[in-house]
Amino acid sequence: MISSNTLQNNTYLYTKLAAFYANCGRLGEARVIFDRIVLKNVFLWNSMIRGYACNGQCMKSLVLYREMMSFGQKPDNFTYPFVLKACGDLGVVEIGRRVHCEVVVCGFETDVYVGNCLLAMYSKFGEMDMVKMVFDRMPDRDLTSWNTMISGYVRNGEPKEAFLVFQMMGRTGLVADCATLLGLLSACVYMSSLKLGKAIHAYVVRNDLARVNGFLINSLIELYCSCNSMVAARQCFKEVTWKDTVSWNSLVSGYSKNADALESLRLFCQMVLEGVNLDQVTLVSVLGACYKITALQFSMSVHSYIIKQGFRAHSMVGTALIDSYSKCGDLACSRRVFYEMAEKTLVSWSAMVSGYGLHGMGREALSIFHDMMGIGITPDEGVFTSVLTACSHAGLVNEGKEIFHSMEKKYNVQPRLAHFSCLIDLLGRAGYLDEAYEFIKAMEIKPTCDMWASLLSASRLHKNVELAELSAQRVFEMNPKGVGSYVCLSNLYASENRWDDVEKVRALVRRKGLQKPPGFSFTELDKVVHRFLVGDKSHEQKDAIYDKLNELSQRLKEVGHKPDTSSVFYDVEEEVKEKMLWDHSERLAIAFALINTGPGAVIRITKNLRICADCHTVSKLISKLMCREIVMRDIRRFHHFKDGLCSCGDYW
DNA sequence: GCTCTGCGCC
């Protein structure tokens with residue numbers, strides 16, 4: 001800090017200095033100087049308000065604006081852009097409207113800068129009607145006005161409208177600039193439109209715009225990720241010399257979303273090794289990739305990195321850790337992070353509720369949900385989804401129903417698709433099939449394919465052929481390519497020994513050219529993730545693995561295990577069926593883990609499908625026989641096998 | 001002296 005004596009009497013220089021600090025984001029220094037200046041001019045006030053608004057301290061920006069007014073200083077046309085920005089970023093609708101009134105009173109409504117900021121503010125509020133009104137009333141519009149309209153429509157989920165605005169803009173003779181293209185690219189991302197996106201990419205290349213605006217390349221990377229074109233995304237990434245944290249982050253999250261979490265992890269390592277500046281988004285993204293493949297050890301490394309690099313205080317990072325740990329099977333770690341978290345957001349609580357739910361601990365999920373309500377946090381849709389899912393996993397029918405019905409009445413949260421789905425799942429799985437069916441029929445919204453699929457799966461579980469056929473019919477109509485439902489119906493027929501019907505479904509599947517996705521399982525050893533397909537013979541330890549499986553099969557027979565072959569949907573000899581169960585991917589993974597880890601080590605497996613009934617029994621027996629805890633995540637939830645029992649209490 | 005702009009947790 002510069003000594004005050006030298007500049008004491010020079011308000012002009014002081015003002016310049018304060019503005020400089022504010023511009024650099026050094027608000028602390030700027031404020032000290034600001035406070036010392038007695039004769040504050042409008043430029044100084046504006047600089048401070050701007051500094052706060054542009055550096056994530058919007059509330060201070062608004063407070064200062066009020067101080068300015070009460071100080072008798074009249075705001076000018078430079079003041080309002082930042083005040084409006086602060087209102088928009090904070091989402092303070094009432095204050096925003098009042099500031100709008102003040103703008104009108106001061107006569108700045110016709111200023112094109114102020115007008116553009118009004119557009120931006122109302123679009124952040126989600127009030128596109130107001131945006132349109134302001135836009136229509138603007139005496140002058142510049143390119144930014146149009147760009148703000150375009151990005152506003154995309155922000156509010158109307159990408160098609162954004163393109164219409166773009167067409168109208170073209171008719172006025174204005175030519176797109178980088179900001180226009182960024183808006184349009186976001187629209188393409190929203191619609192997953194590879195075709196439009198590529199056209200914009202071509203335009204960018206023709207005009208060599210990526211060099212002008214670095215954001216463009218990041219948007220292109222994101223576009224390709226959202227269209228499942230990871231090769232193109234990688235190409236964009238490779239071709240630019242100018243890369244920032246966001247470029248890397250986009251790719252890390254892109255691979256994770258496109259089922260290549262391993263590549264996300266690899267990229268993260270590369271970032272660390274190359275010393276790329278990484279931020280909280282990187283960490284949230286990589287943790288998201290970790291749980292996709294249940295990479296618990298990797299999550300732990302990321303956690304220690306978070307602590308060392310001082311990212312602990314970020315609530316979003318903390319929440320991602322809670323989520324990642326519970327989805328990787330380590331609820332104890334989730335809880336520790338949760339309880340140590342200084343600032344728990346609504347989402348942090350939701351993640352913890354989900355975590356308990358995922359592990360079948362419905363009572364704990366409910367209890368923490370009520371704790372959250374107890375301290376006055378207002379629930380949102382998301383936390384209701386979490387708590388209803390938890391009830392469903394644990395079979396807490398009455399509790400779930402009660403919460404569902406209280407959503408709107410008590411908490412003013414309107415139930416949406418996800419909540420209806422949860423309730424159907426809850427009822428169906430608990431065996432209240434008729435009630436679930438009646439519920440679907442009585443809903444004010446149109447049932448989705450997932451809801452019918454959920455009822456189908458419940459009907460299979462409780463062996464209700466009639467309802468299964470009815471739901472399957474709906475699913476086949478709505479999603480003719482989803483092979484899972486055919487398999488489900490066929491499995492039900494097989495368990496009832498209705499082999500003619502099994503064959504009919506199988507013929508249908510063949511005629512449509514559908515393939516059953518192969519089952520596979522992951523397990524992590526020394527931070528390396530190993531993947532096993534059903535019947536896999538490609539692993540380097542395959543001989544040892546199959547020897548181990550034979551040995552286990554033998555020992556299980558000795559203790560009287562009779563294989564449950566109901567999930568084998570081929571009409572073959574019982575003995576063949578039993579053999580077919582023994583190369584299910586989770587057993588290969590268990591055998592591999594048994595061979596490669598020491599006595600007592602917890603075995604963690606993830607599989608891409610639901611666990612079959614016999615694998616469930618076998619895992620329980622192995623846990624007892626080998627004195628090993630086995631934590632298995634299937635496509636829906638966790639099973640903790642220990643001492644011959646499973647945490648799900650065989651309810652799944 | 002100002003506005004529009006990318007990646008992310010339930």
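A, B, ... follow the sequence lines: proteins, then strands. Residue 1 opens every chain.
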Would you please say whether a donor-acceptor pair under 3.5 Å links the side chains of A:Thr144 and A:Asn116?
no
ring centroid sep under 5.5 Å plus plane angle under 30, A:Phe43 with B:dG1
no
Name every residue in residues 362-379 of chain A that has at least one heavy atom under 4.0 Å from any atom of DNA chain B, in order of residue number, or write none if there are no such residues.
none
Can you give one letter per nucleotide of nucleotides 3-10 of chain B, 5' to 3': B if a protein heavy atom sits under 4.0 Å from the base, S if only from the sugar-phosphate, - if neither?
BBBBBBBB
With sequence neighbours excluded, tell me which residues meet salt bridge (Lys or Arg N to Asp or Glu O under 4.0 Å) with A:Lys124.
A:Asp89
Residues two or more places apart in sequence or in another chain: which of them pass salt bridge (Lys or Arg N to Asp or Glu O under 4.0 Å) with A:Glu408?
none
Residues forming a salt bridge (Lys or Arg N to Asp or Glu O under 4.0 Å) with A:Asp208, sequence neighbours excluded
A:Arg211
Residues pairing under side chain to side chain donor-acceptor pair (under 3.5 Å) where one sits in residues 160-170 of chain A, two or more places apart or in two chains, turn out to be none
Less than 3.5 Å apart, which donor and acceptor atoms pair up between the side chains of residues 312-320 of chain A and the rest of the protein, not counting sequence neighbours?
unit_1: A:Thr319; atom_1: OG1; unit_2: A:Ser315; atom_2: O; d: 2.7
unit_1: A:Thr319; atom_1: OG1; unit_2: A:Ser348; atom_2: OG; d: 3.0

Pairs under 3.5 angstrom only: tabulate donor-acceptor contacts from the side chains of residues 362-374 of chain A to other protein residues two or more places apart or in another chain.
unit_1: A:Arg363; atom_1: NH1; unit_2: A:Glu399; atom_2: OE2; d: 3.0
unit_1: A:Arg363; atom_1: NH2; unit_2: A:Glu399; atom_2: OE2; d: 3.3
unit_1: A:His370; atom_1: ND1; unit_2: A:Leu366; atom_2: O; d: 3.0

What nucleic acid atoms does A:Asn46 come within less than 4.0 Å of, heavy atoms only: base, sugar-phosphate, or nothing?
base
For A:Ile49 and B:dG1, what is the distance between atoms CD1 and C1' respectively, to the nearest whole Å?
13 Å
For A:Arg234, salt bridge (Lys or Arg N to Asp or Glu O under 4.0 Å) partners two or more places apart
A:Glu263
